[in-house]
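Computed from a prediction, not measured in an experiment: that's the story for all the values here. Protein chains get the first letters and strands the later ones, always in sequence-line order, with residue 1 at the start of each.
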Amino acid sequence: MSNKPANKYPVNLLDTPFPMRGDLAKREPGFLKQWEDAKIYQQLRLAAKEQNRPKFILHDGPPYANGDIHIGHAMNKILKDIILKSKSLSGFDTPYVPGWDCHGMPIEHQIEKLVKSDKEAIKANPAIHAQIVAYRKANGLDEKEIHLPSSFIRELCREYAAIQIERQKVDFIRLGVLADWQNPYLTMNFKTEADIVRTMGKIHHNGYLVKGQKPVHWCVDCGSALAEAEVEYEDKVSAAIDVAFQVVDMAALSAAFGGVNVGEQTASAVIWTTTPWTLPANQAVSVHPEFTYDLIATEKGLLILVRELAEAALKRYDIDANEVIAQAKGDALNGLLLQHPFLARQVPIICGEHVTADAGTGLVHTAPAHGLEDYQVGLKYKLAVDNPVANDGRYVSTTEFFAGETVWKANPKVVALLEERGALLANKKLEHSYPHCWRHKTPLIFRATTQWFIGMDKKVGNETLRDKANRAVDATEFFPAWGRARLEAMIKNSPDWCVSRQRTWGVPMTFFIHKETAELHPRSTELLEEVAKRIEQEGIEAWFKLDATELLGDDAAHYEKLKDTIDVWFDSGSTHFAVIEQREELNHGDANRPAADLYLEGSDQHRGWFQSSLKTACATVGHAPYKQLLTHGFVVDGKGMKMSKSKGNVVAPQQVINQMGADMLRLWTASTDYSGEVSISDEILKRTTDSYRRVRNTLRFLLANLSDFTPQDRLPVSELLTLDRYALVELAKFQHNLTSFYDKYEFHLGVQEIHRYCADELGAFYLDIIKDRLYTMAAGSHGRRSAQTTLWYITQALVRLLSPILSFTAHEAWDALKNEGNVFVGEWLALPEIHEADTLQAAFALIREVRANAQKDIELQRAEGVLGSSLQAEVTIHAQGEVFQALDALGDELKFIMITSQAHIQPGTPAIEVAAATAEKCERCWHYHPSVGTIAAHPTLCTRCDCNLHGAGETRQHA
RNA sequence: GGGUCAGUAGCUCAGUUGGUUAGAGCACCGUGUUGAUAACGCGGGGGUCAUAGGUUCGAUUCCUAUCUGACCCA
């Protein structure tokens with residue numbers, strides 16, 4: 001280990017090819033190559049099969065095939081890998097098939113950008129852009145033509161996704177994740193596409209698929225309904241207007257307000273809205289049944305306002321003189337008819353719990369076509385879902401005043417019209433949080449359209465899907481426990497799932513609908529399977545190019561193919577069927593249990609994949625697709641702030657790997673409590689490196705001192721020294737602790753345990769003590785072999801225990817140990833049983849306490865300048881009772897445990913005396929011993945060393 | 001605005017049903033060793049347990065509010 005000249009009296013100093021510094025960034029790729037060449041993943045599967053291991057299925061949540069992986073992806077995959085490697089070492093068969101989510105708008109949007117010649121997009125994807133150029137040329141199209149056939153667009157999307165997947169895959173593999181990288185699952189695989197379609201078919205067959213008119217977030221630029229996940233909230237300035245709806249029947253008004261005399265003047269209910277353009281679709285005015293409403297006499301007639309907000313509202317209308325002439329509860333106003341401010345329509349006052357008194361007037365403009373709550377309250381009152389706005393965001397031709405106008409341009413015109421009609425009481429600007437399209441960043445509208453839903457509250461048999469989902473949540477185990485509450489709350493409030501989209505790059509809704517009635521074909525289930533078979537062969541294109549007559553025959557005259565595609569969340573949500581059920585190695589083979597043992601994703605997936613998977617599974621097989629759900633937080637910077645390009649606090653996994661190696665990223669992942677947000681920063685990574693070095697150097701010491709030792713040299717446990725047997729007890733405890741942390745997925749506690757073991761147990765205690773035997777006793781002596789036997793068990797166990805986290809380092813150490821095979825194949829080390837383990841532990845607990853006290857006393861002497869190294873000290877320990885017995889049992893070997901030259905034990909009141917040694921120091925073993933100088937031939941040696949070098953060697957029993 | 005969660009030494013984490021001076025590792029300081037040496041041993045300093053109230057004989061631990069941050073939703 002050092003380059004110093006050899007000592008006159010040699011000690012057993014050994015070397016190891018395991019260097020102090022890992023140089024991981026450079027060397028890890030070589031290790032990866034070895035794993036690949038040795039086909040470790042395949043080897044594991046084969047071995048598991050031979051051993052008939054039980055399966056543990058961790059189903060991969062597919063990342064979206066767009067963009068390079070970021071630190072969150074890396075952490076997610078590393079956590080999965082740690083779990084699977086530890087489960088495998090615990091005796092499970094752990095196949096892991098990584099996946100990618102391939103359909104959907106972000107990819108379609110990328111292609112769209114290329115079609116529209118976006119310069120940055122072209123720079124990033126020149127090959128695909130070249131195809132677009134070539135296509136236009138080959139088909140005689142203008143070089144700026146943006147209307148290209150859907151089939152061609154889908155082809156490009158597919159190609160784009162494939163490129164992205166390869167990029168991400170390289171980065172994932174580099175992390176050291178063991179997986180079936182050659183056969184991942186892609187939601188765009190033909191077979192998978194077919195099975196997604198089949199999942200939809202099953203849900204229809206089970207009666208959960210329903211057609212509805214419903215307001216949905218609609219992006220005018222996309223020309224499509226947007227899923228919740230595609231909506232972003234941003235601040236927007238809107239016109240906030242107060243509009244008077246004149247009361248039609250004054251007698252009814254009087255009655256509602258307890259018969260008050262309402263006189264000759266007009267009366268109006270006043271609403272407040274930030275979306276003037278929705279007024280043409282107004283069908284009602286909602287009040288809260290429990291609120292108190294004032295009837296107020298003003299210069300602008302009688303006004304109805306909620307009591308709490310009346311004053312603020314009147315101020316807004318510049319009305320000073322006013323008098324409250326009557327009050328009534330909201331439910332008294334129910335049914336009162338109002339005149340629409342500019343259309344020939346009378347609308348009722350209705351009651352709804354959604355009305356608040358936070359802002360506005362306490363009376364809510366209700367347009368079922370343009371708002372979810374409006375729609376829901378409208379269902380109750382059977383209001384018309386009359387939607388005047390077309391796909392492109394313009395009013396349809398039959399709309400009075402605004403036909404052909406876009407809703408945004410109509411806004412000021414509505415206000416002007418209201419003013420003209422004397423219905424406008426106030427017009428202010430309001431900045432508020434408003435939904436925007438995630439792609440276009442433009443404001444969305446709410447708009448009723450024909451969509452397909454998975455109904456949450458439709459009774460099928462005795463139960464709704466919501467009931468089933470609730471039961472499934474109950475049956476699931478959550479890590480951490482609060483995941484249950486979160487998922488529960490979401491299921492409870494989850495509206496019907498809108499699964500239809502009007503997009504190009506997506507799995508089609510493969511149904512035939514009647515041209516007149518829009519009903520699904522009565523043979524849908526059967527027809528769908530026919531379609532699925534074709535998709536299996538040719539992909540989703542098989543549906544788009546299908547001629548309905550091929551399957552329907554004469555019926556084709558009455559039916560047409562549904563043009564919608566399926567919400568991309570449904571794709572990944574179906575993988576418990578489309579992937580787990582389909583792949584033999586992932587299949588537990590028991591339809592009555594969840595398909596997977598574990599799903600593990602970021603906490604955002606409670607709303608996403610956890611939920612979509614739960615719903616599709618409940619709607620198809622009636623239970624959850626997972627037994628356990630594990631969630632991790634998001635990665636934030638050192639200050640706990642989320643990462644963003646603009647803040648410049650993004651840590652890229654590729655950069656960490658290239659600088660410090662993947663094992664550092666793995667150790668960082670394992671070190672943090674991932675149940676909350678997870679921090680990363682330069683300092684944190686620096687600290688991670690520090691703790692890595694401690695572990696690495698411990699391994700280096702162990703390996704070096706085993707380099708002249710083979711398993712054949714091992715002594716039977718019964719012949720080991722007392723201290724060594726105790727060390728094996730501590731090893732067993734360590735292994736037990738660590739494996740239980742693995743089982744509970746509490747890796748950060750595991751890392752602490754690893755550190756404690758390496759630093760406290762080994763570095764500061766066991767290894768420090770046995771250095772004397774390792775270095776100074778004869779190489780093949782009993783005392784030294786006893787220590788090495790122990791080191792062998794420690795190292796063999798430690799390497800396996802480290803491997804789920806520090807995979808590369810463990811692999812390297814495995815090689816240095818000259819072990820056969822690979823560290824990941826096999827199980828935790830079977831440790832020899834130690835008799836009297838409890839007795840040993842109890843005794844050494846006492847011994848170590850005394851030792852710690854002695855060290856403090858020695859330190860005091862050292863500070864005084866009385867002595868330097870602890871071998872320069874001689875201690876006398878006074879003790880009684882069991883402490884005395886424990887120390888006394890070690891006899892003369894107590895000094896080795898104390899690492900002092902002398903250690904005497906005397907009965908009496910507990911005390912420790914420390915003195916500087918008066919004897920000479922042995923040149924070889926550094927102990928201070930009276931015998932030094934007594935051997936004529938070797939005047940600088942003690943008798944112990946002389947005996948170890950030239951005689952029969954000393955005998956050790958305890959330490 | 002609503003739901004879920006977090007806030008203990010510079011950093012990563014412990015802290016058992018509320019109970020004597022709140023622990024560990026790393027970092028830092030001092031020191032020893034020079035046979036784990038860009039390593040290892042020994043010792044030490046460092047926290048009003050986010051803030052403010054409350055319950056209690058007693059709260060880091062229970063309750064409420066506030067602040068900060070994360071995810072989701074509106």
Report the nucleotide, chosen from B/A70, B/G35, B/C11, that has the shortest atom-to-atom distance to any side-chain atom of A/Leu13.
-> B/G35

Would a 4.5 Å heavy-atom cut-off, applied to side chains only, mark A/Leu774 and A/Leu791 as touching?
-> yes

Hey, is A/Trp926 doing a stacking thing with B/G35, by the 5.5 Å centroid and 30° angle criteria?
-> yes

Starting at CD1 of A/Ile769 and ending at C1' of B/C40, how long is that distance when rounded to a whole Å?
-> 14 Å

For A/Asp724 and A/Tyr766, test the side chains for any donor-to-acceptor distance below 3.5 angstrom and give the result as yes or no.
-> yes

Using the C1' atoms only, state how far B/A27 lies from B/C71, rounded to an integer number of Å.
-> 31 Å

Whole-Å P distance, B/G10 and B/A6 = 22 Å

Integer angstrom distance from the P of B/A59 to that of B/C49 = 12 Å

Indicate, with a heavy-atom threshold strictly under 4.0 Å, whether A/Arg696 touches base, sugar-phosphate, or nothing.
-> nothing

Counting any heavy atom closer than 4.0 Å, what does A/Thr698 reach on the DNA or RNA strands: base, sugar-phosphate only, or nothing?
-> base

Quick one: which of B/C71, B/U12, B/C42 gets closest to the side chain of A/Ser679?
-> B/U12

Closest to side chain of A/Lys642, choosing from B/C71, B/G10, B/C13 = B/C71

May I ask you to say what A/Asn697 touches in the nucleic acid, namely base, sugar-phosphate or nothing, with a heavy-atom cut-off under 4.0 Å?
-> base

B/G30 phosphate, OP1 or OP2, under 4.0 Å from A/Arg862 side-chain N/O = no

Would you kindly check whether a donor in the side chain of A/Glu859 faces an acceptor in the base of B/G30, or vice versa, at under 3.5 angstrom?
-> yes

Nucleotide nearest A/Phe634 when distance is taken to its side chain, options B/U34, B/C71, B/G43 | B/C71

Pairwise side-chain contact, A/Ser681 with A/Lys639, heavy-atom cut-off 4.5 Å (strictly under) = no

A/Trp609-A/Asp101 side chain donor-acceptor pair, cut-off 3.5 Å = no

Which nucleotide in B/C72, B/C26, B/U12 has an atom nearest any side-chain atom of A/Ile684 = B/U12

How long is the gap from CG on A/Leu767 to CG on A/Leu762, to the nearest 0.5 Å?
-> 4.5 Å

Going by atom types only, do A/His370 and A/Tyr375 share a side-chain donor-acceptor pair under 3.5 Å?
-> no

Want to settle it: does A/Trp482 or A/Ala759 sit nearer the 5' end of RNA chain B, counting the closest nucleotide to each?
-> A/Trp482

Can A/Tyr692 and A/Thr809 be said to form a side-chain hydrogen bond (donor to acceptor under 3.5 Å, both in side chains), step by step?
-> CA-CA 10 Å; A/Tyr692 172 79; A/Thr809 304; 2.7 Å; yes

Report yes if some heavy atom in the side chain of A/Leu24 is under 4.5 Å from a heavy atom in the side chain of A/Met664; otherwise report no.
-> yes

Taking OP1 and OP2 of B/C26, is either one under 4.0 Å from a side-chain nitrogen or oxygen of A/Lys686?
-> no

Inter-nucleotide C1' distance (B/U17, B/C13), Å rounded | 23 Å

Is there a donor N/O on one and an acceptor N/O on the other, under 3.5 Å, for the side chain of A/Arg486 and the base of B/C71?
-> yes

B/C28 versus B/G69 - spacing of their C1' atoms, nearest Å | 28 Å

Rounded to the nearest Å, what distance is computed from the CD atom of residue A/Glu683 to the C1' atom of nucleotide B/C11?
-> 4 Å

Counting side-chain heavy atoms from C-beta on, which of B/A70, B/A27, B/C72 comes nearest to A/Asp690?
-> B/A27

A/Asp760 side chain, from C-beta outward: closest of B/A70, B/A38, B/A24 = B/A24

Please work out if A/Gly640 contacts a base, only the sugar-phosphate, or nothing of the nucleic acid, heavy-atom cut-off 4.0 Å.
-> sugar-phosphate

Would you indicate, yes or no, if B/G41 has its OP1 or OP2 atom less than 4.0 angstrom from a side-chain nitrogen or oxygen of A/Arg694?
-> yes

Please determine, for B/A50, whether a Watson-Crick or G-U wobble partner exists with both distances under 3.5 Å, and give it or none.
-> B/U66

Mind calculating the distance between CG (A/Leu487) and C1' (B/C5) to the nearest angstrom?
-> 15 Å

Write down the partner of B/A22 under the Watson-Crick or G-U wobble criteria, each distance required to be under 3.5 Å.
-> none

How would you label the contact of A/Gly763 with the nucleic acid (heavy atoms, under 4.0 Å): base, sugar-phosphate, or nothing?
-> base

Considering only side-chain heavy atoms of A/Met641, which listed nucleotide, B/G69, B/U37, B/C42, is closest?
-> B/G69

Mind checking A/Gln855 for me? I need base, sugar-phosphate or nothing, with any heavy atom below 4.0 Å counting as a touch.
-> sugar-phosphate

Between A/His748 and A/Ala485, just flag the one whose closest nucleotide in RNA chain B comes earlier from the 5' side.
-> A/Ala485

Complement of B/A9, any strand, by Watson-Crick or G-U distances under 3.5 angstrom | none

Under 4.0 Å between any heavy atoms, over every strand shown, what does A/Lys771 touch: base, sugar-phosphate, or nothing? Just pick one.
-> base

Starting at CE of A/Met20 and ending at P of B/G35, how long is that distance when rounded to a whole Å?
-> 14 Å

Is there a Watson-Crick or G-U wobble partner for B/C71 with both distances under 3.5 Å, and which nucleotide is it?
-> B/G3

Pair A/Tyr745-A/Gln628, side-chain donor/acceptor within less than 3.5 Å | yes

To the nearest Å, give me how far apart CD (A/Gln872) and P (B/U34) are.
-> 10 Å

Using a 4.0 Å heavy-atom cut-off across all strands, classify A/Arg756 as base, sugar-phosphate, or nothing.
-> nothing

Could you please name the option among B/G41, B/A36, B/U12 that lies closest to any side-chain atom of A/Asp768?
-> B/G41

Taking only the side-chain nitrogens and oxygens of A/Tyr775, find out if one of them lies under 4.0 Å from OP1 or OP2 of B/A36.
-> yes

Nucleotide B/A24, atom C1' - distance to CD1 of A/Ile754 in whole Å | 15 Å

Residue matched to B/C29 through Watson-Crick or wobble contacts both under 3.5 angstrom = B/G43

How far does the C1' atom of B/A9 sit from the matching atom of B/G44, given to the nearest Å?
-> 15 Å

Parallel, tilted or perpendicular: ring planes of A/His73 versus A/His70, cut at 30 and 60 degrees | tilted

Between B/U8 and B/A70, how far is it from one P atom to the other, in whole Å?
-> 16 Å

Whole angstrom is fine here: how far is it from CE in A/Met664 over to C1' in B/U12?
-> 15 Å

How would you label the contact of A/His606 with the nucleic acid (heavy atoms, under 4.0 Å): base, sugar-phosphate, or nothing?
-> nothing

CZ of A/Phe734 versus P of B/A24: gap in Å, rounded?
-> 20 Å

How is A/Ser671 classified with respect to the nucleic acid when contacts are heavy atoms under 4.0 Å: base, sugar-phosphate, or nothing?
-> sugar-phosphate

Which value, in whole Å, describes the distance between the P atoms of nucleotides B/G23 and B/U37?
-> 34 Å

